[in-house]
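Please read the structure below before turning to the comments.
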Amino acid sequence: MEQCILQVALDTPLHTVFDYCWRGREDEAIPVVGQLVVVPFGRRETVGVVVGHAAGTELSADKIKDVIAVRSQLPPLSAHWLALCGFAADYYQRPLGEVMLPGLPKNLRALTTVALDKALKALGRMAAPPTKRKAKAKAADIVQADEPAQPAEVLADPMQFGAAPPLNAAQQQAVDVIAQAEGFAPLLLYGVTGSGKTEVYLQAAAAILKRAADARAATGEPVAPEEAPAQILVLVPEINLTPQLEGNIRARFPHLNVVSLHSGLAEGERTRSWLAAHLGQAHIVLGTRLAILSSLPHLKLIVIDEEHDPSYKQQEGLRYSARDLAVWRAHQLGIPVVLGSATPSLETWQHAQAGRYRRLELRQRAAQQAVLPKVKVVDMERDKPQDGLTSTLIGAIRKRLENGEQSLLFLNRRGYAPVLACDACGWISNCMRCDAFMVVHRPERRLRCHHCSLELHIPKSCPTCGNIDLQPLGRGTQRVEEGLHAIFPEARVLRIDADSTRLKGSAQIAFDSVHRGEVDILIGTQMVAKGHDFKKLTLVGVMNPDTALFSHDYRASERLFAQLMQVAGRAGRAGLSADGSSGEVLIQTRYPHHPLYQAVMRHDYDGFAGTLLEERQQACFPPFMYQALLRAEARELEQAIGFLQEAAAMLEAPAITINAPIPMTMMRVANVERAQLLVECPSRPALQAFLKEWLAELRLVKTRVRWSLEVDPVDI
DNA sequence: AGCACGCCGACT
DNA sequence: GTCGGCGTGCTC
């Protein structure tokens with residue numbers, strides 16, 4: 001009888017791996033590193049990943065429990081994948097199992113294998129022979145009787161690609177550089193909106209797949225026909241962008257196995273997609289940030305579209321940056337990684353300036369006759385708005401209606417009005433559990449807190465003085481929608497925001513109707529600003545972005561600039577207007593001369609980024625400084641602050657600055673008081689070394705305060 | 001994090 | 001006399 005100690009990573013907050021005893025018959029192979037196993041843990045059973053073998057263990061023999069089952073039908077996760085998770089666990093100071101397991105499809109973590117076996121079978125992989133010998137013999141008969149039919153498209157030449165549109169010189173050069181890159185190559189694809197970055201990704205992917213297929217054919221070794229010669233991972237910032245891109249990719253590459261991975265998938269589909277990637281079958285994996293942790297044994301290229309987008313940063317649990325992990329993964333594998341953006345993050349821009357990333361530029365729009373839109377500011381002091389819309393913007397929308405073209409209004413505030421107020425006594429709709437206003441949602445007739453989800457009926461009268469005349473103050477997308485109906489009763493108006501797209505699939509239905517031209521005026525939040533390619537859209541109106549100009553968050557201007565460039569980029573992508581004019585962008589503001597708006601008008605990312613980088617350098621902010629944030633929550637603010645003070649006094653190290661604990665901007669959320677402590681260091685390795693030591697000590701502190709650490713925080 | 005055990009208040 | 005509040009302790 002074979003026997004050994006397996007080290008297993010489990011999804012628990014404990015910073016350790018767990019030893020289990022595996023006993024098997026002599027004809028059974030010892031589970032290898034990367035294999036999934038079922039083990040007893042406390043009073044329950046759970047699935048873990050084998051991360052090592054040990055001859056012995058420090059634990060007393062009576063504490064060691066036996067492995068219950070090995071998921072031998074699933075090929076083990078690769079050493080590369082394990083190393084990626086190991087790096088992320090170290091870097092973000094989280095337990096290994098917490099990195100490895102939550103990203104796996106639920107069906108792989110289930111205690112029963114029914115769904116897993118079904119998915120494997122659907123992918124043409126028979127379930128491994130069951131351990132019982134009788135069943136084994138029977139399973140072999142199944143294999144012959146039920147050989148899965150080879151899908152027709154796999155029989156065709158998988159490297160045959162649909163007709164590609166011609167590239168301009170800059171696009172072609174970018175494709176060549178990506179496709180011919182040797183080894184690790186971080187590439188910034190800096191291309192203005194509508195410059196055809198997607199086309200570059202597709203043709204570079206095709207070239208890399210073709211080259212890998214040729215190389216494989218040249219070896220003459222027999223390979224399973226469904227095995228992809230190379231795998232390409234493409235990340236996009238939003239789920240809503242996957243259908244359009246997936247459609248484009250499938251249309252272009254009808255013979256390739258293309259799967260998507262994002263949180264909107266049903267469990268069955270998610271399992272099949274993940275397995276198609278893990279088994280090496282999927283040529284192209286399209287996904288949101290979580291896809292960066294998927295298993296891709298033949299990964300040859302990573303593309304991060306809109307790399308600057310904040311949604312690449314996970315904001316709970318393991319707070320990783322999918323973009324940063326992508327660069328690490330590419331480095332580990334020695335492959336190119338393409339970071340695409342019209343407004344790169346300052347981190348990426350700084351890398352490019354310093355020569356660490358190679359910059360590929362697309363300075364022109366790709367479509368015939370398409371030029372960058374004309375951006376104008378509309379002074380709201382001089383042109384007083386009606387229903388939030390200045391006469392200039394109203395006139396511009398009217399012109400689009402006459403031309404049969406579409407307009408997009410961007411307002412990053414959902415709901416009807418951000419606050420409800422009583423004129424008589426000064427009451428305002430504060431959330432009773434958070435430091436925030438409750439937002440008026442008119443269609444639902446509710447007051448809603450966007451931070452803790454508390455909901456109340458809209459009061460008929462003032463809760464303190466009884467006044468029945470309560471006023472909604474300010475303007476959200478619902479109120480603008482109402483105003484648009486009043487001003488343009490004949491127009492087809494559609495609102496797209498988190499509220500209107502709550503039901504699964506409804507966002508796709510909404511975007512489809514815009515594409516089909518069934519909408520004249522689109523009003524929405526940042527959901528409509530990103531990536532979409534609306535051919536008939538020639539006008540973009542930005543309703544009131546001024547609040548972000550005066551934020552205390554030093555990243556606010558970087559974000560606002562990117563957001564404005566992004567939404568402006570939706571206008572005039574397909575070519576000129578009916579009357580021969582280019583796309584138009586109107587920014588309504590009280591500060592028309594603000595340098596940020598002036599830079600947007602000039603489409604001057606380079607200049608603006610240069611200014612911001614200088615400011616950051618002077619102020620010793622990222623990317624010239626590395627940061628970590630220790631957060632604490634408690635029922636009383638003093639407890640949270642007290643814990644942070646204790647933590648701050650615990651350890652010191654050269655070049656490490658531990659700032660004073662401060663209450664968070666949103667001090668109270670859902671009746672919990674929150675405070676935070678910023679740690680800074682100009683050297684990333686020095687910060688890492690400090691954090692490792694510091695957290696080891698912090699974890700020993702016995703406290704009732706809930707705390708967490710975020711490395712490279714984006715919201716401070 | 002789960003999930004237990006453990007010791008004090010309002011109910012049949 | 002029990003049901004159950006959530007304090008603290010452990011998980012190989």
Side-chain angles (χ1 to χ4, degrees), chain A residues 1-24 30-71 77 82 85-86 88-90 92-106 108-112 263 290 293 314-320 433 630-636 638-640 642-643 646 669-674 695-711:
Chain A
M1 186 156 100
E2 295 280 334
Q3 174 171 341
C4 74
I5 300 291
L6 299 181
Q7 293 170 322
V8 181
L10 300 174
D11 181 20
T12 106
L14 300 170
H15 285 250
T16 176
V17 294
F18 297 85
D19 292 345
Y20 286 90
C21 181
W22 177 81
R23 301 168 205 277
I30 292 173
V32 299
V33 165
Q35 214 140 36
L36 296 190
V37 290
V38 183
V39 293
F41 189 62
R43 251 143 288 245
R44 62 207 167 97
E45 293 176 4
T46 187
V47 170
V49 182
V50 177
V51 295
H53 298 97
T57 167
E58 291 166 13
L59 274 96
S60 62
D62 59 308
K63 281 205 152 182
I64 306 274
K65 295 181 185 172
D66 286 358
V67 171
I68 293 169
V70 182
R71 293 280 181 258
L77 291 149
L82 290 155
C85 293
D90 264 11
Y92 294 109
Q93 312 288 338
R94 309 292 309 193
L96 186 57
E98 215 182 57
V99 180
M100 291 181 161
L101 289 143
L104 300 181
K106 283 204 178 64
L108 270 70
R109 303 179 57 193
L111 295 178
T112 146
S263 55
L290 60 87
L293 288 171
Q314 168 87 341
Q315 287 295 17
E316 56 196 30
L318 176 75
R319 293 178 172 241
Y320 62 94
R433 307 200 299 173
L630 184 65
R631 293 201 175 85
E633 324 184 325
R635 291 302 277 270
E636 305 292 333
E638 298 75 55
Q639 295 176 295
F643 170 80
E646 186 183 344
V669 168
N671 273 340
V672 175
E673 303 285 344
R674 312 180 309 161
L695 288 212
E697 286 204 34
L698 263 180
R699 288 186 197 114
L700 302 176
V701 175
K702 205 167 151 292
T703 173
R704 285 161 59 217
V705 172
R706 284 170 57 94
W707 60 273
S708 65
L709 181 89
E710 176 165 359
V711 181

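Each chain gets a letter, A, B and so on, in the order the sequences are listed, and its residues count up from 1. Quick note: numbers below take in every heavy atom, side chains included, and nothing from hydrogens, waters or symmetry partners.
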Take the protein atom [atom1] of [X] and the nucleotide atom [atom2] of [N], then report the distance between them rounded to whole Å.
X	N	atom1	atom2	value
A:Glu98	C:dT11	CD	C1'	15 Å
A:His15	C:dT11	NE2	P	17 Å
A:Gln7	C:dC12	CD	C1'	10 Å
A:Trp22	C:dC12	CH2	C1'	18 Å
A:Gln639	C:dG7	CD	P	12 Å
A:Trp707	B:dA1	CH2	C1'	14 Å
A:Ile64	C:dC10	CD1	P	18 Å
A:Arg699	C:dC10	CZ	C1'	18 Å

- A:Gln639 side-chain N/O to A:Glu636 backbone N/O, donor-acceptor pair under 3.5 Å: yes
- Short side-chain to backbone donor-acceptor contact, A:Tyr20 and A:Val50, under 3.5 Å: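 Flag not set: sc A:Tyr20 to bb A:Val50 has no pair under 3.5 Å.
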- Can you list the steps and then say if A:Leu698 with A:Trp707 is a side-chain contact (heavy atoms from CB on, under 4.5 Å)? CA-CA 10 Å; A:Leu698 263 180; A:Trp707 60 273; 4.0 Å; yes
- The single option from A:Glu710, A:Glu673, A:Glu316 passing salt bridge (charged side-chain N to carboxylate O under 4.0 Å, His left out) against A:Arg631: A:Glu710
- Message: Quick check for you: to the nearest 0.5 Å, what is the distance between A:Phe18 atom CZ and A:Leu10 atom CG?
- Response: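 Answer rounded to 0.5 Å: 5.5 Å.
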- How many angstroms lie between atom CD1 of A:Ile30 and atom CD1 of A:Ile5, to the nearest 0.5 angstrom? 11.5 Å
- DNA chain B-proximal residues of residues 43-54 of chain A, any heavy atom under 4.0 Å: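 Of all residues in residues 43-54 of chain A, the ones placing a heavy atom under 4.0 Å from DNA chain B are A:Arg43, A:Arg44.
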Heavy atoms under 4.0 Å, any strand shown: does [X] hit a base, just sugar-phosphate, or nothing?
X	answer
A:Leu59	base
A:Leu14	base
A:Phe41	base

- Item | Out of C:dC12, B:dA1, C:dG9, whichever nucleotide has its closest atom nearest the side chain of A:Phe18 |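 Output: C:dC12.
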- Do any side-chain nitrogens or oxygens of A:Lys63 fall under 4.0 Å of OP1 or OP2 in C:dC12? no
- Item | Heavy-atom neighbours of A:Arg635 CZ exceed 12 at 6.0 Å |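 No, because the 6.0 Å sphere around CZ of A:Arg635 holds 12 heavy atoms or fewer from other groups.
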